[in-house]
2 protein chains.
Amino acid sequence: MVQRMLGGVRAAGLRLTPQRLAIVRALADDTSHPTAQELLDRLRPALPTMSFATVYNTLFALSAAGLCSSLSLSPGSSRFDPNMEPHHHAVCDRCGAVSDIPLAAAERGGPSREAARLRRSVGAGAPGFEVRAVERVFRGLCARCAARDRRART
Amino acid sequence: MVQRMLGGVRAAGLRLTPQRLAIVRALADDTSHPTAQELLDRLRPALPTMSFATVYNTLFALSAAGLCSSLSLSPGSSRFDPNMEPHHHAVCDRCGAVSDIPLAAAERGGPSREAARLRRSVGAGAPGFEVRAVERVFRGLCARCAARDRRART
DNA sequence: ATGAGTGCAAATGCTTTGCATCCTG
DNA sequence: CAGGATGCAAAGCATTTGCACTCAT
(Lines give C-alpha, C1' and ligand atoms only; values in the text may rest on other atoms or scores of the structure.)
Protein backbone atom coordinates (compact mmCIF):
# COMPACT_ATOMS: atom_id res chain seq x y z
CA MET A 1 0.00 0.00 0.00
CA VAL A 2 2.83 2.37 0.91
CA GLN A 3 4.59 1.69 -2.39
CA ARG A 4 1.49 2.25 -4.45
CA MET A 5 0.87 5.56 -2.72
CA LEU A 6 4.44 6.78 -3.03
CA GLY A 7 4.42 5.86 -6.71
CA GLY A 8 1.19 7.80 -7.03
CA VAL A 9 2.72 10.84 -5.38
CA ARG A 10 5.43 10.96 -8.03
CA ALA A 11 3.02 10.17 -10.83
CA ALA A 12 0.89 13.11 -9.74
CA GLY A 13 3.89 15.42 -9.91
CA LEU A 14 3.89 16.03 -6.15
CA ARG A 15 7.21 16.60 -4.40
CA LEU A 16 8.19 13.97 -1.92
CA THR A 17 9.03 15.74 1.31
CA PRO A 18 9.83 14.11 4.66
CA GLN A 19 6.44 15.26 5.94
CA ARG A 20 4.57 13.70 3.04
CA LEU A 21 6.56 10.50 3.36
CA ALA A 22 5.63 10.30 7.03
CA ILE A 23 1.97 11.01 6.37
CA VAL A 24 1.78 8.43 3.59
CA ARG A 25 3.46 5.83 5.77
CA ALA A 26 1.16 6.58 8.69
CA LEU A 27 -1.96 6.45 6.58
CA ALA A 28 -1.16 3.65 4.16
CA ASP A 29 -1.64 0.66 6.42
CA ASP A 30 -4.11 2.19 8.82
CA THR A 31 -7.65 0.84 8.67
CA SER A 32 -8.89 3.06 11.50
CA HIS A 33 -9.68 6.07 9.28
CA PRO A 34 -7.68 8.57 11.30
CA THR A 35 -8.55 12.26 11.58
CA ALA A 36 -6.03 15.00 10.80
CA GLN A 37 -5.58 15.48 14.53
CA GLU A 38 -4.81 11.82 15.10
CA LEU A 39 -2.27 11.75 12.30
CA LEU A 40 -0.59 14.88 13.63
CA ASP A 41 -0.43 13.45 17.16
CA ARG A 42 1.10 10.29 15.82
CA LEU A 43 3.74 12.08 13.74
CA ARG A 44 4.69 14.91 16.09
CA PRO A 45 7.19 12.81 18.07
CA ALA A 46 9.19 12.13 14.90
CA LEU A 47 8.64 15.52 13.21
CA PRO A 48 8.04 18.03 15.99
CA THR A 49 7.52 20.97 13.65
CA MET A 50 4.79 19.40 11.54
CA SER A 51 1.69 21.56 11.49
CA PHE A 52 -2.00 21.15 10.77
CA ALA A 53 -1.56 23.15 7.60
CA THR A 54 0.82 20.54 6.26
CA VAL A 55 -1.32 17.61 7.32
CA TYR A 56 -4.38 19.11 5.66
CA ASN A 57 -2.45 20.24 2.58
CA THR A 58 -1.02 16.79 2.14
CA LEU A 59 -4.24 14.89 2.72
CA PHE A 60 -6.02 17.19 0.34
CA ALA A 61 -3.28 16.72 -2.29
CA LEU A 62 -3.42 12.95 -1.86
CA SER A 63 -7.15 12.81 -2.28
CA ALA A 64 -7.08 15.16 -5.27
CA ALA A 65 -4.58 12.73 -6.79
CA GLY A 66 -6.92 9.81 -6.12
CA LEU A 67 -4.58 8.20 -3.59
CA CYS A 68 -6.86 8.36 -0.58
CA SER A 69 -10.31 9.67 0.16
CA SER A 70 -11.68 11.96 2.78
CA LEU A 71 -14.83 10.82 4.54
CA SER A 72 -17.51 13.06 6.03
CA LEU A 73 -19.87 10.53 7.51
CA SER A 74 -20.35 11.83 11.00
CA PRO A 75 -20.40 15.24 12.65
CA GLY A 76 -17.06 16.59 13.78
CA SER A 77 -13.85 15.91 11.97
CA SER A 78 -13.17 14.41 8.55
CA ARG A 79 -11.54 11.02 8.40
CA PHE A 80 -9.11 9.73 5.81
CA ASP A 81 -9.21 6.37 4.08
CA PRO A 82 -6.30 4.89 2.11
CA ASN A 83 -8.46 2.10 0.72
CA MET A 84 -9.40 3.09 -2.82
CA GLU A 85 -11.09 -0.19 -3.75
CA PRO A 86 -14.88 0.08 -3.77
CA HIS A 87 -16.24 -0.77 -0.33
CA HIS A 88 -18.86 0.31 2.19
CA HIS A 89 -18.62 1.87 5.65
CA ALA A 90 -20.08 1.20 9.06
CA VAL A 91 -20.31 4.35 11.18
CA CYS A 92 -20.81 4.34 14.93
CA ASP A 93 -23.48 6.85 15.95
CA ARG A 94 -21.98 7.10 19.41
CA CYS A 95 -18.21 7.46 18.93
CA GLY A 96 -17.93 8.21 15.22
CA ALA A 97 -15.64 5.28 14.47
CA VAL A 98 -15.69 4.13 10.84
CA SER A 99 -15.03 0.57 9.64
CA ASP A 100 -14.56 -0.68 6.11
CA ILE A 101 -17.14 -3.20 4.95
CA PRO A 102 -16.16 -5.39 2.01
CA LEU A 103 -18.45 -5.66 -1.00
CA ALA A 104 -20.64 -8.75 -0.92
CA ALA A 105 -19.72 -11.31 -3.58
CA ALA A 106 -22.80 -10.44 -5.61
CA GLU A 107 -21.87 -6.75 -5.70
CA ARG A 108 -18.47 -7.40 -7.24
CA GLY A 109 -19.76 -8.82 -10.51
CA GLY A 110 -20.86 -6.65 -13.40
CA PRO A 111 -23.39 -3.90 -12.73
CA SER A 112 -26.43 -5.58 -14.31
CA ARG A 113 -30.02 -5.16 -13.24
CA GLU A 114 -29.04 -3.49 -9.96
CA ALA A 115 -27.26 -0.57 -11.60
CA ALA A 116 -30.14 0.18 -13.93
CA ARG A 117 -32.56 0.19 -11.02
CA LEU A 118 -30.35 2.57 -9.05
CA ARG A 119 -29.95 4.91 -12.00
CA ARG A 120 -33.72 5.07 -12.31
CA SER A 121 -34.10 5.91 -8.61
CA VAL A 122 -31.60 8.74 -8.80
CA GLY A 123 -33.26 10.13 -11.90
CA ALA A 124 -36.56 10.14 -10.04
CA GLY A 125 -35.28 11.97 -6.98
CA ALA A 126 -32.59 14.22 -8.43
CA PRO A 127 -32.99 14.78 -12.18
CA GLY A 128 -29.69 15.67 -13.81
CA PHE A 129 -27.58 14.42 -10.93
CA GLU A 130 -24.30 13.00 -12.27
CA VAL A 131 -23.43 9.98 -10.14
CA ARG A 132 -19.72 9.33 -9.67
CA ALA A 133 -19.78 6.94 -6.74
CA VAL A 134 -22.28 4.93 -4.77
CA GLU A 135 -21.70 3.61 -1.31
CA ARG A 136 -23.71 2.03 1.40
CA VAL A 137 -23.51 3.44 4.91
CA PHE A 138 -24.40 1.23 7.87
CA ARG A 139 -25.24 3.26 10.95
CA GLY A 140 -25.50 1.90 14.45
CA LEU A 141 -23.17 1.08 17.30
CA CYS A 142 -19.66 -0.30 16.99
CA ALA A 143 -18.85 -3.40 19.05
CA ARG A 144 -17.28 -1.37 21.83
CA CYS A 145 -20.13 1.13 22.18
CA ALA A 146 -22.76 -1.60 21.88
CA ALA A 147 -21.08 -3.43 24.77
CA ARG A 148 -20.89 -0.29 26.85
CA ASP A 149 -24.57 0.30 26.15
CA ARG A 150 -25.53 -3.20 27.27
CA ARG A 151 -23.55 -2.77 30.47
CA ALA A 152 -25.19 0.59 31.20
CA ARG A 153 -28.69 -0.78 30.72
CA THR A 154 -28.13 -3.57 33.24
CA MET B 1 -46.20 16.61 7.49
CA VAL B 2 -46.58 19.63 9.79
CA GLN B 3 -49.44 17.98 11.67
CA ARG B 4 -47.57 14.75 12.17
CA MET B 5 -44.57 16.60 13.55
CA LEU B 6 -46.60 18.81 15.87
CA GLY B 7 -48.40 15.75 17.17
CA GLY B 8 -45.02 14.14 17.73
CA VAL B 9 -43.80 17.14 19.67
CA ARG B 10 -46.65 16.76 22.16
CA ALA B 11 -46.34 12.99 22.26
CA ALA B 12 -42.69 13.39 23.17
CA GLY B 13 -43.61 15.68 26.05
CA LEU B 14 -41.94 18.69 24.45
CA ARG B 15 -43.40 22.12 25.06
CA LEU B 16 -44.76 23.85 22.01
CA THR B 17 -43.20 27.30 21.92
CA PRO B 18 -43.56 29.85 19.11
CA GLN B 19 -39.95 29.15 18.15
CA ARG B 20 -40.53 25.42 17.90
CA LEU B 21 -43.71 25.94 15.96
CA ALA B 22 -41.85 28.13 13.48
CA ILE B 23 -38.99 25.66 13.13
CA VAL B 24 -41.32 22.74 12.60
CA ARG B 25 -43.30 24.66 10.02
CA ALA B 26 -40.15 25.73 8.20
CA LEU B 27 -38.68 22.24 8.18
CA ALA B 28 -41.75 20.10 7.63
CA ASP B 29 -42.33 20.71 3.96
CA ASP B 30 -38.79 21.52 2.98
CA THR B 31 -37.06 18.96 0.80
CA SER B 32 -33.84 20.99 0.54
CA HIS B 33 -32.30 19.65 3.77
CA PRO B 34 -31.60 23.06 5.29
CA THR B 35 -28.73 23.77 7.66
CA ALA B 36 -29.24 25.42 11.05
CA GLN B 37 -27.97 28.66 9.56
CA GLU B 38 -30.44 28.52 6.68
CA LEU B 39 -33.35 27.90 9.03
CA LEU B 40 -32.29 30.75 11.28
CA ASP B 41 -31.97 33.13 8.32
CA ARG B 42 -35.40 32.16 7.13
CA LEU B 43 -37.03 32.61 10.55
CA ARG B 44 -35.25 35.74 11.75
CA PRO B 45 -37.59 38.13 9.92
CA ALA B 46 -40.57 36.71 11.82
CA LEU B 47 -38.82 36.05 15.13
CA PRO B 48 -35.93 38.50 15.35
CA THR B 49 -34.69 37.22 18.69
CA MET B 50 -34.36 33.60 17.69
CA SER B 51 -30.86 32.31 18.33
CA PHE B 52 -28.64 29.50 17.14
CA ALA B 53 -28.92 27.88 20.54
CA THR B 54 -32.66 27.55 20.10
CA VAL B 55 -32.41 26.28 16.55
CA TYR B 56 -29.89 23.62 17.56
CA ASN B 57 -31.74 22.73 20.74
CA THR B 58 -34.95 22.28 18.83
CA LEU B 59 -33.49 20.32 15.95
CA PHE B 60 -31.70 18.09 18.40
CA ALA B 61 -34.88 17.58 20.40
CA LEU B 62 -36.84 16.77 17.24
CA SER B 63 -34.33 14.21 16.07
CA ALA B 64 -34.08 12.64 19.52
CA ALA B 65 -37.87 12.28 19.35
CA GLY B 66 -37.61 10.62 15.96
CA LEU B 67 -39.37 13.47 14.16
CA CYS B 68 -36.53 14.46 11.86
CA SER B 69 -32.99 13.33 11.26
CA SER B 70 -29.70 15.14 11.13
CA LEU B 71 -27.45 14.33 8.20
CA SER B 72 -23.66 14.46 8.18
CA LEU B 73 -22.90 13.56 4.61
CA SER B 74 -20.55 16.31 3.55
CA PRO B 75 -17.94 18.48 5.24
CA GLY B 76 -19.21 21.66 6.83
CA SER B 77 -22.59 21.94 8.43
CA SER B 78 -25.16 19.32 9.35
CA ARG B 79 -28.38 19.25 7.39
CA PHE B 80 -31.82 18.35 8.66
CA ASP B 81 -34.32 16.06 6.99
CA PRO B 82 -38.01 15.89 7.93
CA ASN B 83 -38.55 12.78 5.80
CA MET B 84 -38.53 9.80 8.15
CA GLU B 85 -39.54 7.21 5.55
CA PRO B 86 -36.61 5.04 4.47
CA HIS B 87 -34.88 6.63 1.47
CA HIS B 88 -31.44 7.30 0.03
CA HIS B 89 -29.50 10.51 -0.56
CA ALA B 90 -27.59 12.07 -3.43
CA VAL B 91 -24.85 14.42 -2.26
CA CYS B 92 -23.16 16.98 -4.49
CA ASP B 93 -19.39 16.88 -4.03
CA ARG B 94 -19.13 20.48 -5.18
CA CYS B 95 -21.85 22.42 -3.35
CA GLY B 96 -22.92 19.96 -0.67
CA ALA B 97 -26.57 19.92 -1.71
CA VAL B 98 -28.48 16.81 -0.65
CA SER B 99 -31.47 15.30 -2.50
CA ASP B 100 -33.78 12.54 -1.38
CA ILE B 101 -33.78 9.46 -3.56
CA PRO B 102 -36.80 7.18 -3.30
CA LEU B 103 -36.33 3.49 -2.67
CA ALA B 104 -36.52 1.39 -5.82
CA ALA B 105 -39.61 -0.82 -5.99
CA ALA B 106 -37.55 -3.93 -5.28
CA GLU B 107 -36.12 -2.42 -2.11
CA ARG B 108 -39.52 -1.80 -0.60
CA GLY B 109 -40.53 -5.44 -0.34
CA GLY B 110 -39.48 -7.67 2.53
CA PRO B 111 -35.77 -7.90 3.39
CA SER B 112 -35.02 -11.36 1.98
CA ARG B 113 -31.79 -12.49 0.39
CA GLU B 114 -30.41 -8.96 0.23
CA ALA B 115 -30.57 -8.36 3.97
CA ALA B 116 -28.81 -11.60 4.79
CA ARG B 117 -26.05 -10.77 2.37
CA LEU B 118 -25.58 -7.33 3.90
CA ARG B 119 -25.53 -8.72 7.40
CA ARG B 120 -22.77 -11.09 6.37
CA SER B 121 -20.72 -8.23 4.86
CA VAL B 122 -20.96 -6.15 8.01
CA GLY B 123 -20.00 -9.12 10.16
CA ALA B 124 -16.93 -9.61 7.97
CA GLY B 125 -15.74 -6.01 8.17
CA ALA B 126 -16.89 -4.93 11.62
CA PRO B 127 -17.57 -7.88 13.93
CA GLY B 128 -20.00 -6.97 16.68
CA PHE B 129 -21.33 -3.88 14.90
CA GLU B 130 -25.01 -3.40 15.71
CA VAL B 131 -26.69 -2.08 12.56
CA ARG B 132 -29.63 0.25 13.14
CA ALA B 133 -29.97 1.81 9.70
CA VAL B 134 -28.64 1.31 6.21
CA GLU B 135 -28.63 3.91 3.51
CA ARG B 136 -27.16 4.36 0.12
CA VAL B 137 -25.25 7.53 -0.66
CA PHE B 138 -24.84 8.64 -4.26
CA ARG B 139 -21.96 11.06 -4.67
CA GLY B 140 -21.31 13.20 -7.69
CA LEU B 141 -22.49 16.51 -9.07
CA CYS B 142 -25.97 17.96 -8.76
CA ALA B 143 -27.62 19.17 -11.96
CA ARG B 144 -26.61 22.77 -11.36
CA CYS B 145 -22.94 22.04 -10.60
CA ALA B 146 -22.69 19.54 -13.45
CA ALA B 147 -23.95 22.23 -15.84
CA ARG B 148 -21.52 24.78 -14.49
CA ASP B 149 -18.74 22.24 -14.91
CA ARG B 150 -19.65 21.57 -18.52
CA ARG B 151 -19.70 25.29 -19.26
CA ALA B 152 -16.32 25.80 -17.60
CA ARG B 153 -14.69 23.01 -19.57
CA THR B 154 -15.81 24.49 -22.91
C1' DA C 1 -45.64 28.42 40.12
C1' DT C 2 -42.11 25.77 38.25
C1' DG C 3 -39.09 23.93 35.40
C1' DA C 4 -38.49 23.51 30.45
C1' DG C 5 -37.12 26.61 26.97
C1' DT C 6 -34.92 30.89 25.26
C1' DG C 7 -31.35 34.35 24.12
C1' DC C 8 -27.06 36.21 24.40
C1' DA C 9 -22.28 36.00 24.33
C1' DA C 10 -18.32 33.65 25.11
C1' DA C 11 -15.95 29.33 24.41
C1' DT C 12 -14.68 25.25 21.72
C1' DG C 13 -13.23 22.48 17.89
C1' DC C 14 -12.17 21.71 13.13
C1' DT C 15 -10.34 23.65 9.11
C1' DT C 16 -8.42 27.31 6.23
C1' DT C 17 -5.50 31.23 5.16
C1' DG C 18 -1.57 34.58 4.66
C1' DC C 19 2.90 35.00 4.38
C1' DA C 20 7.80 34.52 5.23
C1' DT C 21 11.03 30.81 4.87
C1' DC C 22 12.80 26.43 3.21
C1' DC C 23 14.21 22.76 0.21
C1' DT C 24 12.94 19.34 -3.58
C1' DG C 25 13.54 18.39 -8.30
C1' DC D 1 17.56 28.24 -8.21
C1' DA D 2 12.50 28.57 -9.03
C1' DG D 3 8.39 27.34 -7.47
C1' DG D 4 6.17 24.08 -4.70
C1' DA D 5 5.92 22.94 0.26
C1' DT D 6 6.22 24.06 5.14
C1' DG D 7 5.22 26.26 9.68
C1' DC D 8 3.27 29.46 12.46
C1' DA D 9 -0.34 32.19 14.02
C1' DA D 10 -4.44 34.33 13.17
C1' DA D 11 -8.91 34.08 11.08
C1' DG D 12 -13.21 31.59 9.81
C1' DC D 13 -17.19 28.61 10.38
C1' DA D 14 -20.17 25.34 12.84
C1' DT D 15 -21.60 24.05 17.11
C1' DT D 16 -21.86 24.05 22.20
C1' DT D 17 -22.15 25.99 26.76
C1' DG D 18 -23.35 28.87 30.95
C1' DC D 19 -26.50 31.47 32.97
C1' DA D 20 -30.10 34.70 33.87
C1' DC D 21 -34.66 35.44 32.25
C1' DT D 22 -39.20 34.07 30.29
C1' DC D 23 -43.32 31.59 29.52
C1' DA D 24 -46.07 27.11 28.38
C1' DT D 25 -48.30 23.94 30.94
Side-chain angles (χ1 to χ4, degrees), chain A residues 6-24 26 33-65 67-80 95-96 98, chain B residues 6-24 26 33-65 67-80 95-96 98:
Chain A
L6 291 178
V9 168
R10 310 223 143 169
L14 299 171
R15 290 185 182 176
L16 190 51
T17 65
Q19 291 83 348
R20 286 181 175 174
L21 180 58
I23 292 171
V24 165
H33 308 85
T35 62
Q37 177 78 73
E38 286 163 356
L39 284 170
L40 184 57
D41 290 348
R42 205 177 309 165
L43 299 175
R44 262 280 164 76
L47 293 95
T49 69
M50 179 134 55
S51 66
F52 269 113
T54 297
V55 174
Y56 280 111
N57 278 342
T58 297
L59 291 170
F60 180 78
L62 291 176
S63 64
L67 300 170
C68 76
S69 55
S70 99
L71 308 177
S72 305
L73 296 173
S74 49
S77 36
S78 295
R79 292 174 171 278
F80 297 88
C95 72
V98 176
Chain B
L6 292 179
V9 167
R10 311 222 142 170
L14 298 170
R15 291 185 181 176
L16 190 52
T17 64
Q19 292 83 349
R20 286 181 175 174
L21 179 58
I23 292 171
V24 166
H33 307 87
T35 63
Q37 176 79 70
E38 286 162 356
L39 284 171
L40 184 57
D41 291 348
R42 205 176 309 164
L43 299 176
R44 263 280 165 76
L47 293 93
T49 69
M50 178 131 55
S51 67
F52 269 113
T54 297
V55 174
Y56 280 112
N57 279 342
T58 298
L59 290 170
F60 181 78
L62 291 176
S63 65
L67 300 171
C68 76
S69 56
S70 99
L71 307 177
S72 304
L73 296 172
S74 50
S77 37
S78 296
R79 292 174 171 278
F80 297 86
C95 72
V98 176

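Here is how names work: the chains are called A, B, and so on, in the same order as the sequence lines, proteins then strands, and each is numbered from 1.
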(message) Quick one: does any side-chain atom of A:Arg79 pair with a main-chain N or O of A:Val98 as donor and acceptor, under 3.5 Å?
(response) no

(message) I want to verify a distance call: between D:dA5, D:dT17, D:dA14, whose nearest atom is closest to the B:Ala53 side chain?
(response) D:dT17

(message) Measure CG/B:Leu40 against C1'/D:dA14 and give the value in whole Å, please.
(response) 13 Å

(message) Heavy atoms from C-beta onward define the side chain here; which of D:dG7, C:dG7, D:dT6 lies closest to that of A:Asn57?
(response) D:dT6

(message) For a quick check of understanding: with a heavy-atom distance under 4.0 Å over all strands, which category does A:Thr35 fall into, base, sugar-phosphate or nothing?
(response) nothing

(message) Rounded to whole Å, how long is the line connecting atom CZ of A:Arg10 with atom C1' of C:dT24?
(response) 10 Å

(message) Between B:Arg20 and A:Leu14, which residue's closest nucleotide on DNA chain C lies nearer the 5′ terminus?
(response) B:Arg20

(request) Please figure out whether B:Ala36 or A:Gly13 has its closest DNA chain D nucleotide nearer the 5' end. (result) A:Gly13

(message) Could you check whether any side-chain N or O of A:Thr58 sits under 3.5 Å from a backbone N or O of A:Thr54, counting only pairs where one atom can act as donor and the other as acceptor?
(response) yes

(request) For B:Arg44 and C:dG7, give me the distance from atom CZ to atom C1', rounded to whole Å. (result) 10 Å

(message) Is B:Ser51 close enough to C:dT6 that one of its side-chain N or O atoms is under 4.0 Å from OP1 or OP2 there?
(response) no

(message) On the nucleotide C:dC14, are OP1 or OP2 found under 4.0 Å from the side-chain N or O atoms that A:Ser78 carries?
(response) no

(request) Rounded to the nearest angstrom, tell me the gap between atom CZ in B:Phe60 and atom C1' in C:dG5. (result) 15 Å

(request) Specify the closest pair of heavy atoms between B:Arg15 and B:Val9, including all atoms of both residues, with the distance to one decimal. (result) O-CG1, 4.3 Å

(message) What is the separation between atom CZ on B:Phe52 and atom C1' on C:dT12, rounded to the nearest whole Å?
(response) 15 Å

(request) Whole angstrom is fine here: how far is it from CE in B:Met50 over to P in C:dG5? (result) 15 Å

(request) Over all heavy atoms of both residues, which pair between A:Ser63 and A:Ser69 is shortest? Give the atoms and the distance, please. (result) CB-CA, 4.2 Å

(request) Kindly say if B:Tyr56 contacts the phosphate of D:dT15, meaning a side-chain N or O under 4.0 Å from OP1 or OP2. (result) yes

(request) Write down the atom of B:Leu40, the atom of B:Met50, and the distance for their closest heavy-atom approach. (result) CD1-O, 3.4 Å

(request) Find the distance B:Arg79:CZ to D:dA14:C1' and express it as a whole number of Å. (result) 13 Å

(message) Expressed as a whole number of angstroms, how long is the span from B:Leu71:CG to D:dA14:C1'?
(response) 16 Å

(message) Base, sugar-phosphate or nothing for B:Pro18? Non-hydrogen atoms, less than 4.0 Å.
(response) sugar-phosphate

(message) Taking the nucleotide of DNA chain D with the nearest heavy atom to each, does B:Leu16 or A:Thr49 sit closer to the 5' end?
(response) A:Thr49

(request) Determine: side-chain N/O of B:Thr17 to OP1/OP2 of C:dG5, distance under 4.0 Å, yes or no. (result) no

(request) Look at A:Gln19 and D:dG7 and indicate whether a side-chain polar atom (N or O) is within less than 4.0 Å of OP1 or OP2. (result) yes

(request) Can you spot which of B:Leu67, B:Thr35, B:Leu39 makes a side chain to side chain contact (heavy atoms under 4.5 Å, CB included) with B:Leu59? (result) B:Leu39

(request) With the side chain of A:Thr58 defined as its heavy atoms from C-beta on, choose the nearest nucleotide among C:dC8, C:dC14, D:dT6. (result) D:dT6

(request) Verify the contact: side-chain N or O of B:Arg15 to OP1 or OP2 of D:dC23, cut-off strictly under 4.0 Å; return yes or no. (result) no

